[in-house]
Number of protein chains: 2
Amino acid sequence: MTKGKKKNTTIRDVAKKAGVSVASVSRYINQNAPLSTSISIKIQAAMTELNFVPHIMARRLATNKTNTIGLLVADLYGDFFPPMFHGIESVTGEAGFDLLISSSARTGPRTEFPSSLGPHNTDGMLVFWDSLSEAGLHQAYERDFPIVLIHQSPPDKMSIPCVTVENKAASRRIVEHLMEAHGRRRIVFLRGPDHNEDSYWRETGYRQALEMRGIPFDAELVAPGEFDRAVAEQSIRNLLSRGIVFDAVFACDDESAAGVYSALYAAGRTIPNDVAVVGFDDQRFSAYINPPLTTVRAHTEDVGRIAARQLLQIIHDGTADSLTLVPTEIVFRQSCGCNP
Amino acid sequence: MTKGKKKNTTIRDVAKKAGVSVASVSRYINQNAPLSTSISIKIQAAMTELNFVPHIMARRLATNKTNTIGLLVADLYGDFFPPMFHGIESVTGEAGFDLLISSSARTGPRTEFPSSLGPHNTDGMLVFWDSLSEAGLHQAYERDFPIVLIHQSPPDKMSIPCVTVENKAASRRIVEHLMEAHGRRRIVFLRGPDHNEDSYWRETGYRQALEMRGIPFDAELVAPGEFDRAVAEQSIRNLLSRGIVFDAVFACDDESAAGVYSALYAAGRTIPNDVAVVGFDDQRFSAYINPPLTTVRAHTEDVGRIAARQLLQIIHDGTADSLTLVPTEIVFRQSCGCNP
DNA sequence: CTTTAATATGTAACCGGTTACAGAAACCGG
DNA sequence: CCGGTTTCTGTAACCGGTTACATATTAAAG
């Protein structure tokens, strides 16, 4: 429209128009070397006149920095992602970094280090649970590409910083609450996916609570939840039909707690009178369901914020904390028997 | 560790080692020109031996293509984003494009065309409602940078493709349902934010339904919902305390429907017997609340998919549909009085 | 008023790919 | 066996910034 010519205006055009050298223009743009005011003015004038926009890729090629960080996620199920993203974005944005997202939903956990997120394209990468295989991680680790793991601790031998939430203590406390405040004794635990660490620690907390109360662990009371509503519902149905007695359920996450509700409701059991139910995560719907779910709140936004900060720090000076546990807190609603 | 030398291995190193020209190596990598097998083999050998990884930024500088598309969102409230993202990612990923995300949550709607998402850094951009000011849009439009709008139609004078959901017909039908199937007459409408288009069309559908039934529009029955639980709750409280009579509520979105539930519950009114309630969006919690909410399902994932496809098409050949309306469907649950 | 040190600019060589163009090799019909 | 294609391969000039180093300018010192 305007000029007719396809050519981009470059730093050299600006230099010519301002009657100075390209180096000066570059220095003016980056403000990284002293420059006389008279020259600065001329450059500024030329730049605005030519409507000059520096070519980011050229800069990146020359400096070998991308000012971009990569985000590798498995899938965006649940209410998990938005707050996490919000946390991450708030710190990366502040620091002037772009965010490149890649989901492995289509492909399953990447077995290869994803080239689109690797060096040359990002300065570092945030890796969520289940998004990158151990082999893929290893590739990144070897070239010591900056990485921080989220909700996943590093495999043996690799020391990669990790940030996740405090699972065990909160789980222990919520189960203790069921026992102490509401006198429950036969508490079902609904597991998460097999190698999920959150699930592992939540189960550990559950077992510790039993142990402290001298209640023997009963394998019959543990069933799959898979972080999935339908699976959890089926598990509870099974327990019920097999005549197994229980007076409470600790669901590994709120999603499966919702499944518990359905199964219990269908069987005519009331919550919390017949069976108390508690979950983990404090998803958005948890406050709305009936009765409102007692659960553990994970400050997911903080997790994102902290992870991003760690990554920036690695990129900047190579240091980071090897493990950060973000505190969790129990939110007492009605499904456990409180606030009747 | 390995070599001790900092230098990256480049295409020239590969060429030298394979005893061929850089052009051949480039052609081998891109498979864009015939190459004798003998040469191909030598190059492949050299590449694996040197562990060569092409430098993406160099390629981008040379080709002036980024293979990246930008995603500009306001904030990631609600259940809105994950499915949308999923849809987008599925098509961009398939096409080999990266996704650069920028949220304007920290800053409010961008008034400037965000340089990090602009030309040089992305090949095109998906813009959500409320994320970019009209001025910002205009800048992009002038340089005819590929854009498609999501849930927002272009301001006057600019013809930018847009994809959103069908709001009006579904709204009309759900209100008609309230009238015909359940005999409701005094139906409250809870508005969304002021200049939100979804809200506008939903209200239009509401009015049409009234009109077709010969029921006069009553301004007293329209109150703010703002897509916000608390605001909606307060609005219903007000109506109630002012003694305004109504037998149904059409909430502009499910979030505000949840607020309606609270207000009604607090006032001792039952749903759907005293007041029928319907919403819009079919958020995740809507099936879980009590009673399950009758609402309109928007196929958000499709919106994302279609928008992404449109954008790729613009990038590819410059063409696109100026408006795509993704169909919606009513899901009948219990809050309207169905399935008792 | 030189001599020397400090500072501001400019020149040109990078960064690591792509690709227009030209030259070489292989193929083909007559 | 020769000119005319057709198909491969190589050279070198880009893409648009940054920056080490050299040079011009100016200030400080002697």
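Below, read A as the first sequence line, B as the second, and so on, with proteins coming before strands; counting in each chain starts at 1. Values below: all heavy atoms of this structure, side chains included; hydrogens, waters and symmetry mates excluded.
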Interface residues of residues 35-43 of chain A with DNA chain D (non-hydrogen, below 4.0 angstrom):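 None - not one residue of the stretch has a heavy atom sitting under 4.0 Å from the strand.
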Would you find a donor on one side and an acceptor on the other, under 3.5 Å apart, between the side chain of [X] and the backbone of [Y]?
X        : Y        : result
A:Tyr141 : A:Ser159 : yes
B:Thr68  : B:Asp98  : no
B:Asn121 : B:Gly118 : no

Counterpart residues, ring pair (Phe, Tyr, Trp, His ring centres under 6.0 Å), relative to B:Phe145 (two or more places apart):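 Per chain and number, B:Phe145 pairs via ring pair (Phe, Tyr, Trp, His ring centres under 6.0 Å) with B:Phe113.
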Sequence-distant partners of A:His299, ring pair (Phe, Tyr, Trp, His ring centres under 6.0 Å), two or more places apart: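 A:His299: no ring pair (Phe, Tyr, Trp, His ring centres under 6.0 Å) contacts found.
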Pair B:Asp302 + B:Arg305: basic N to acidic O under 4.0 Å: yes
Ring centres under 6.0 angstrom apart (A:Phe81, B:His86):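 A:Phe81 vs B:His86: aromatic centres not under 6.0 Å.
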Span of DNA chain C, from the first to the last nucleotide whose atoms fall under 4.0 Å of chain A heavy atoms: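 Extent of the interface on DNA chain C: C:dA8 to C:dG16.
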Touch class at under 4.0 angstrom, heavy-atom based, for [X] against every strand present:
X       : answer
B:Phe52 : sugar-phosphate
B:Thr63 : sugar-phosphate
B:Val20 : sugar-phosphate
A:Arg12 : base
A:Asn64 : nothing

Earlier contact from the 5' end, DNA chain D, for A:Ser24 and A:Leu61: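 It is A:Leu61 whose nearest nucleotide is closer to the 5' end.
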B:Gln310 and B:Asp321: side chain donor to acceptor below 3.5 Å: yes
For B:Lys17, all residues meeting salt bridge (charged side-chain N to carboxylate O under 4.0 Å, His left out), sequence neighbours excluded: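 Here the qualifying residues are B:Glu49.
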Criterion side chain to side chain donor-acceptor pair (under 3.5 Å) on B:Thr164 and B:Glu197, from CA distance to verdict: CA-CA 10 Å; B:Thr164 183; B:Glu197 289 180 25; over 6 Å; no
From CD1 (A:Ile69) to CG (A:Leu311), nearest 0.5 Å: 4.5 Å
The helix from C:dC1-D:dG30 to C:dG30-D:dC1: angle between end helix axes, five pairs per end, rounded to 10 degrees: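 That helix has its two terminal axes inclined by roughly 40°.
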Of B:Met57 and A:Val22, the one whose closest DNA chain C nucleotide lies more 5':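 Comparing both residues, the 5'-ward one is A:Val22.
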